[in-house]
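Below is one structure; the comments refer to it alone.
The structure displayed is predicted, hence computed values, not measured ones. Just the heavy atoms: all of them, side chains too, but no hydrogens, waters or symmetry mates, feed the values below.
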Amino acid sequence: MSSLRESKLAFIGGGNMASAIIGGLLNQGITAQNIITTTSNVNAGGDADMVIIAVKPQVTKSVCEELGAAWSQRTTLPVVVSIAAGITLESLKQWLQTSDSRTAHIVRVMPNTPALVGEGASGLFASSDVTADEKALVNALLQSVSKATEWVDKEELLDVVTGLSGSGPAYFFAMVEHLVASATALGLPIEQATRLASQTCLGAGKMLAESSDSPAQLRKNVTSPNGTTYAALQTFESLDFSGVVDKAVQAATSRAAELGNTLGKL
């Protein structure tokens, strides 16, 4: 298996995530000549070493079936990386099968939108036939845009990754949205409130990423007994903040599993 710099990469589909990965690859010095972007599924299959499926889940079946048919003439099949949300390995293997019953080695990836600024978090799960070298190649691909690249050992855990980091940026934005609204209601100009809230969250996130302390310990470090932070956290607790977060992550996780089951039957 060649290194990422020596590999030919084909992107099928587009959108923000594919654009982010391509941008990250170019920033890492991967030559544009080794990156194929096309709407032709047959052309994308060509002689690529890795094919990244970045299409909407609803059209993944037709795309994969066309790829499988086109690959019947290939001696060696490419590694397939699917970022199509919810589409299971079982479905992908079935749809990508060639006319002589071969199937490419497949890795499912759940990235998130901070990949657009090179700060993504990605969960990955590989089919049992994916080799260590192929995993390393996929790692190199994702690390171009992800600061956390985590392999899970059960496919259903990708649904949990979806509920945590896949959907997580929206939880974060909602929190900041309400922080700004609260501060504005108390008299702070919205521009100042937005700048302060944004930097507070950026700084807190950096502390969390770089500190050896747990999130719980970092929270304790900033909470003085009977102080302002303590008063705010007591309000959270009285309103069952932990229960709200738990239910939200569970809802997103359950919905991810439901979509996978539904889309796999289309």
Side-chain angles (χ1 to χ4, degrees), residues 17 20-21 24 27-28 108-126 135-136 138-184 186 188 192-254 256:
M17 200 56 62
I21 296 173
N27 288 338
Q28 280 196 340
R108 282 188 61 197
V109 178
M110 172 47 64
N112 66 1
T113 54
L116 293 168
V117 292
E119 296 286 347
S122 300
L124 305 89
F125 180 76
K135 280 189 175 183
V138 177
N139 261 338
L141 175 79
L142 268 297
Q143 285 171 357
S144 65
V145 293
S146 290
K147 292 297 178 64
T149 305
E150 303 290 339
W151 293 86
V152 297
D153 56 10
K154 295 179 182 178
E155 186 173 10
E156 56 265 31
L157 291 178
L158 279 184
D159 295 330
V160 182
V161 172
T162 302
L164 172 62
S165 56
S167 299
Y171 315 155
F172 170 84
F173 297 139
M175 180 69 173
V176 174
E177 179 184 2
H178 293 302
L179 284 172
V180 170
S182 296
T184 302
L186 291 170
L188 201 64
Q192 288 185 331
T194 301
R195 287 193 294 269
L196 288 168
S198 298
Q199 184 57 42
T200 297
C201 292
L202 177 63
K206 188 171 183 179
M207 287 177 67
L208 182 61
E210 296 181 358
S211 175
S212 59
D213 288 338
S214 68
Q217 185 58 51
L218 289 171
R219 171 181 54 78
K220 292 175 183 176
N221 292 348
V222 84
T223 307
S224 301
N226 296 317
T228 57
T229 307
Y230 176 82
L233 293 178
Q234 285 295 105
T235 303
F236 280 163
E237 186 174 337
S238 69
L239 296 173
D240 193 25
F241 182 67
S242 62
V244 170
V245 173
D246 186 47
K247 289 176 182 177
V249 174
Q250 285 187 24
T253 299
S254 297

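The shortest side-chain heavy-atom distance between L188 and L196 falls under the 4.5 Å cut-off. Between V161 and E150 the shortest side-chain heavy-atom distance does not fall below 4.5 Å.
Taking CG from L158 and CG from L164, the interatomic distance works out to 12.0 Å, rounded to the nearest 0.5 Å. Note that OG1 of T113 and CE of M17 are 6.0 Å apart. Values are rounded to the nearest 0.5 Å. Remark: S167 OG to F172 CZ distance equals 15.5 Å, nearest 0.5 Å. Of the inter-residue distances, the one linking N112 atom CG with T162 atom OG1 reads 10.5 Å to the nearest 0.5 angstrom. Rounding to the nearest 0.5 angstrom, the gap separating the CD1 atom in I21 from the OG atom in S144 is 6.5 Å.
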- Task: Let me see the working for Y171 and V249 under side-chain contact (heavy atoms from CB on, under 4.5 Å), right down to the final yes or no.
- Result: CA-CA 10 Å; Y171 315 155; V249 174; 4.3 Å; yes
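The salt bridge (Lys or Arg N to Asp or Glu O under 4.0 Å) contacts involving residues 156-181 comprise nothing, where partners must be two or more places apart or lie in separate chains. The salt bridge (Lys or Arg N to Asp or Glu O under 4.0 Å) analysis of residues 193-220, with sequence neighbours excluded, yields no pairs. Within the structure, the salt bridge (Lys or Arg N to Asp or Glu O under 4.0 Å) test picks out the following pairs touching residues 140-149 (sequence neighbours left out): E119-K147.
The heavy-atom pair separating S211 from L218 by the smallest distance is OG-CD2, 3.8 Å. In plain terms, the two heavy atoms of Q28 and A140 that are nearest each other are OE1-O, 4.1 Å. Across all their heavy atoms, V176 and A197 have their closest contact at CG1-CB, 4.0 Å. Closest approach of V180 and A193 over heavy atoms only: CG2-O, 3.9 Å. Between S122 and L142, the shortest heavy-atom distance links the atoms OG-CD1, 3.4 Å. Residues T229 and V222 share a closest heavy-atom pair of OG1-O, 3.5 Å.
Checked against side chain to side chain donor-acceptor pair (under 3.5 Å), Q250 has the following partners two or more places apart in sequence or in another chain: D246. With sequence neighbours excluded, the residues that form a side chain to side chain contact (heavy atoms under 4.5 Å, CB included) with P215 are L208.
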Distance-only criterion, 3.5 Å: show the donor-acceptor pairs between side-chain atoms of residues 230-237 and protein atoms not counting sequence neighbours.
unit_1: T235; atom_1: OG1; unit_2: A231; atom_2: O; d: 3.1

